[in-house]
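Read the structure below first, then the notes.
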Protein chains: 2
Amino acid sequence: GRQNSQPRSVETELGVTLEDLYNGTEKKMKITRNRETPSGMQKEEKILTIEIKPGWKRGTKITFQKEGDQLQGVPAGDIVFVLAERPHSRFKREGNNLVYEATITLPEALCGHTLTVDTLDSRRIRIPITDVISPGFLKVVAGEGMPISKQPGAKGDLIVKFNVQFPKHLSDNQKAGLMRAFNSP
Amino acid sequence: GRQNSQPRSVETELGVTLEDLYNGTEKKMKITRNRETPSGMQKEEKILTIEIKPGWKRGTKITFQKEGDQLQGVPAGDIVFVLAERPHSRFKREGNNLVYEATITLPEALCGHTLTVDTLDSRRIRIPITDVISPGFLKVVAGEGMPISKQPGAKGDLIVKFNVQFPKHLSDNQKAGLMRAFNSP
């Protein structure tokens, strides 16, 4: 038979949501492993519990030592889970920051707008903006980003990027009114 | 001494303007070359005339055969000019098209605007735009691009890209007027 003196580690991707990484969570993973026993090869099932701490990043490795297959007299290898972050419908993570793309209409961009954002821990925050919002305008909301795993209690920022949707068409009447308004004091 | 049986060509960059490439032009280049004669080495000066045809592109090579140095019994090499396009203050060339970036104000973008563009042959063209101009809006003016050297009389397009400059600040009075105008029929 084969002779490998080194135990083999097995890496498995563990896809988690941004909510999981924000709030922290526990994942239970059922593994099946082969164990050589005096009475022959046995398949064992086992539940491994992975504690995901708030702020962990994609690529983080969680190692369960000697939980892999144990075959042919070689010590059992490790099982390693590698965190993968599933795409999120509202946020993109950039380091410790969260980036949120808001699309607003031109009247909202010019006349003032209060943005409502549902956070990853299910709060609804209101972000009032009184500045004129030009395309590409960024609004930084300090402390509403991802938790920073090495600084308990600290969080990155929420960065809101604005897309401004122009009307497809304006009537002559609307154009005249807009021109009057731009030219008024 | 050295023995090279192959004549050496000399490549020289020839920087020209976009106007030169649009209109065509003649460039006179003074070269100095070494010639071996029965009475020894002679330095010669010569004027080479390069005819640049409308629509030529950067990288075009113009070769003057046997106008290079002639040394040690080896036939004279060629002199090769390679067209390089100098950056232009108004236009970027993209193949046969010219790209023009226009920065206009938000009132101009919304209420209608006639753009004035000075062409590479010193005409002033007017481009009336009645559509709402959103950021990134493109206006294509057919036939106002670069001449196409292989199709005499044909030209590419002029592509106008719009940047829309938002006002930094709007008064409450202006905001109210804008809102009224957007909401009017």
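So that the names make sense, note that chain A is the first sequence line, chain B the second, and so on, each numbered from 1.
- In terms of hydrophobic clustering, with Ile, Leu, Val, Met, Phe, Trp and Tyr side chains grouped at heavy-atom distances under 4.5 Å, B:I129 and B:V160 are assigned to a common cluster.
- With sequence neighbours excluded, the residues that form a side-chain contact (heavy atoms from CB on, under 4.5 Å) with B:A181 are A:L178.
- Residues A:I104 and B:M179 do not share a hydrophobic cluster, defined by chaining ILVMFWY side chains whose heavy atoms lie under 4.5 Å apart.
- Note on B:V141: it does not cluster hydrophobically with B:I159, by side-chain heavy-atom contacts below 4.5 Å among ILVMFWY residues.
- Between B:L170 and A:L110, the shortest heavy-atom distance links the atoms CD1-O, 3.6 Å.
- In this view, A:F162 and A:F137 satisfy the ring-ring contact (aromatic ring centres under 6.0 Å, His included) rule, not counting sequence neighbours.
- A:P135 is linked by a side-chain contact (heavy atoms from CB on, under 4.5 Å) to A:V164, B:P135, B:F166, counting only residues two or more places apart in sequence or in another chain.
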Anything under 3.5 Å between chain B and chain A that's a donor-acceptor pair? List each one with its distance, please.
| residue | atom | partner | partner atom | Å |
| --- | --- | --- | --- | --- |
| B:T130 | O | A:K175 | NZ | 3.1 |
| B:S171 | OG | A:P185 | O | 3.0 |
| B:N173 | ND2 | A:P185 | O | 3.2 |
| B:Q174 | NE2 | A:F182 | O | 2.9 |
| B:Q174 | NE2 | A:S184 | O | 3.2 |
| B:K175 | NZ | A:T130 | O | 3.1 |
| B:F182 | O | A:Q174 | NE2 | 2.9 |
| B:S184 | O | A:Q174 | NE2 | 3.2 |
| B:P185 | O | A:S171 | OG | 3.0 |
| B:P185 | O | A:N173 | ND2 | 3.2 |

